[in-house]
Novice: 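Here it is, the structure in full.
Every number for a ligand or one of its atoms is a count from 1 in the order of the listing. Keep in mind that this is a model prediction, so the values were computed, not measured.
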Amino acid sequence: MEKTVIEVQQGDITKVAVDAIVNAANNSLLGGGGVDGAIHRAGGPDILEECRQIRARQGGCPTGEAVITTAGRLPAKYVIHTVGPIWDGGQKGEPGLLASCYRNSLKLAQEHGVQSIAFPNISTGVYGYPKDKAAKVAVETVKSYLQEQATSIKQVVFVCFDEENYELYQRLLQG
Ligand code: AR6
């Protein structure tokens with residue numbers, strides 16, 4: 001089987017033309033700041049309306065899980081909203097929850113026939129997860145998922161907004 005390409009880019013995830021972009025959302029699914037704010041601003045009100053419907057059905061999104069909507073005005077077809085853990089010292093299950101975000105997002109993408117997917121650096125903004133630790137979890141989880149599963153996904157892009165994350169991911173993906 002053809003190998004999935006894993007790439008790193010620096011920039012704004014709302015501009016990336018892939019089948020699905022992942023949003024670092026919160027349990028309410030009702031929007032917020034950071035990448036969540038940027039996605040809803042650029043994508044328009046349809047995304048929030050779909051999030052409201054999901055919320056009415058299932059009461060938001062638990063930490064570590066993911067839900068999918070269309071992408072409004074964005075170049076992507078889908079937005080996968082996942083909720084990262086809030087960093088609280090690292091002994092409260094944060095690494096497992098962060099890994100679940102990546103795994104559940106890939107699973108949902110696969111269920112929708114997605115071939116290319118872009119991730120932001122989940123939890124490393126407002127939620128305070130140390131960037132180096134989060135990058136390791138992200139890269140390890142994506143790599144092991146792709147090794148374990150037969151998948152439709154041909155391209156995974158880590159979109160880093162800041163220089164520090166960009167350098168961390170470049171280093172981790174070199175090897
Ligand atoms: N494109 C790509 N990455 C971005 C963008 C962008 N346009 N904007 C910010 N980032 P954060 P969290 C990076 O705070 O830590 C929201 O209010 C940013 O530099 O967006 O998971 C939600 O509603 C950082 O590396 O998400 C939640 O309440 C990364 O995205 C809460 O923040 C994640 O930072 C979630 O916190």
Novice: When you measure from atom 18 (C) of ligand 1 to each heavy atom in F161, F158, Y166, Y127, which option holds the nearest one?
Specialist: F161
Novice: Can you tell me the protein heavy atom closest to atom 26 (O) of ligand 1 and the distance?
Specialist: A24 CB, 3.8 Å
Novice: Using a 3.5 Å distance criterion without hydrogens, assess whether the side chain of Q110 forms a donor-acceptor pair with backbone atoms of A150.
Specialist: yes
Novice: Could you measure the distance from the OH atom of Y169 to the CG atom of D132? Nearest 0.5 Å is fine.
Specialist: 10.5 Å
Novice: Among all the protein's non-hydrogen atoms, which is closest to atom 15 (O) of ligand 1, and how far away is it?
Specialist: G125 N, 2.8 Å
Novice: Identify, for atom 7 (N) of ligand 1, the protein heavy atom at the shortest distance, and state residue, atom and that distance.
Specialist: D12 OD1, 2.9 Å
Novice: Determine the interplanar angle of the H112 and Y78 rings, folded into 0 to 90°, and report it as parallel if under 30°, tilted if 30 to 60°, perpendicular if over 60°.
Specialist: perpendicular
Novice: So which heavy atom in the protein is nearest atom 24 (C) of ligand 1, and how far is it from that ligand atom?
Specialist: T124 OG1, 3.4 Å
Novice: Of the options N104, I68, T69, which is the one that meets I80 in a side-chain contact (heavy atoms from CB on, under 4.5 Å)?
Specialist: I68
Novice: Donor-acceptor pairs under 3.5 Å, side chain of residues 56-65 to any protein atom, not counting sequence neighbours: which ones?
Specialist:
unit_1	atom_1	unit_2	atom_2	d
Q58	NE2	G60	O	3.0
T63	OG1	N27	ND2	3.3

Novice: So, is T14 polar-close to ligand 1, with some N/O to N/O distance under 3.5 Å?
Specialist: no
Novice: Report the part of I39 (side chain from C-beta onward, or backbone N, CA, C, O) that has a heavy atom under 4.0 Å from ligand 1; answer both or neither where that applies.
Specialist: neither
Novice: Polar-atom distance check: A38 versus ligand 1, any N or O pair below 3.5 Å?
Specialist: no
Novice: Just distances here: any N/O of I13 and N/O of ligand 1 closer than 3.5 Å?
Specialist: yes
Novice: Can you sort out which atoms of ligand 1 are near G32, meaning under 4.0 Å from one of its heavy atoms?
Specialist: 17 (O), 23 (O)
Novice: Looking at S28, is its backbone amide N or carbonyl O close enough to the side chain of R55 to form a donor-acceptor pair, meaning the two atoms are under 3.5 Å apart?
Specialist: yes
Novice: Counting only heavy atoms not in Q91, do more than 12 sit closer than 6.0 Å to its CD atom?
Specialist: no
Novice: Are the side chains of R73 and P45 in contact, using a 4.5 Å heavy-atom criterion?
Specialist: yes
Novice: What protein heavy atom is closest to atom 16 (C) of ligand 1, reported as residue, atom name and distance in Å?
Specialist: G33 O, 3.5 Å
Novice: Considering N26, D36, V35, L98 one by one, which has a heavy atom nearer to atom 30 (O) of ligand 1 than any of the others?
Specialist: V35
Novice: Between ligand 1 and G84, can you find any atom pair, the residue atom being a heavy atom, that is separated by under 4.0 Å?
Specialist: no
Novice: Quick one: pull up NZ in K143 and CD1 in I6 and give me the separation to the nearest 0.5 Å.
Specialist: 6.0 Å
Novice: Quick one: look up the protein heavy atom nearest atom 21 (O) of ligand 1 and list residue, atom name and how far away it is.
Specialist: S123 N, 2.8 Å
Novice: Roughly how far, to the nearest 0.5 Å, is CG of L172 from CD of E167?
Specialist: 12.0 Å
Novice: Got an N/O contact under 3.5 Å between V159 and ligand 1?
Specialist: no
Novice: Any idea which protein heavy atom is nearest atom 14 (O) of ligand 1, and the distance to it?
Specialist: V126 N, 2.8 Å
Novice: Under 3.5 Å between some N or O of ligand 1 and some N or O of A25?
Specialist: no
Novice: Note the single closest protein heavy atom to atom 33 (C) of ligand 1, along with its residue, its atom name and the distance in Å.
Specialist: N121 O, 3.3 Å
Novice: Using a 4.0 Å cutoff against the non-hydrogen atoms of D162, which atoms of ligand 1 qualify?
Specialist: 19 (O), 25 (O)
Novice: What atoms of ligand 1 come within less than 4.0 Å of a heavy atom belonging to N165?
Specialist: 25 (O)
Novice: Looking only at atom types and distance, does a side-chain atom of T14 sit under 3.5 Å from a main-chain N or O of A38, one as donor and one as acceptor?
Specialist: no
Novice: Out of curiosity, is G11 lining ligand 1, as in a heavy atom under 4.0 Å away?
Specialist: yes
Novice: Test side chain to side chain contact (heavy atoms under 4.5 Å, CB included) on F158 and V139; report intermediate values, then the result.
Specialist: CA-CA 9 Å; F158 289 110; V139 171; 4.2 Å; yes
Novice: Using every non-hydrogen atom in the two residues, find where S116 and V114 come nearest and quote the distance to one decimal.
Specialist: O-CG1, 3.2 Å
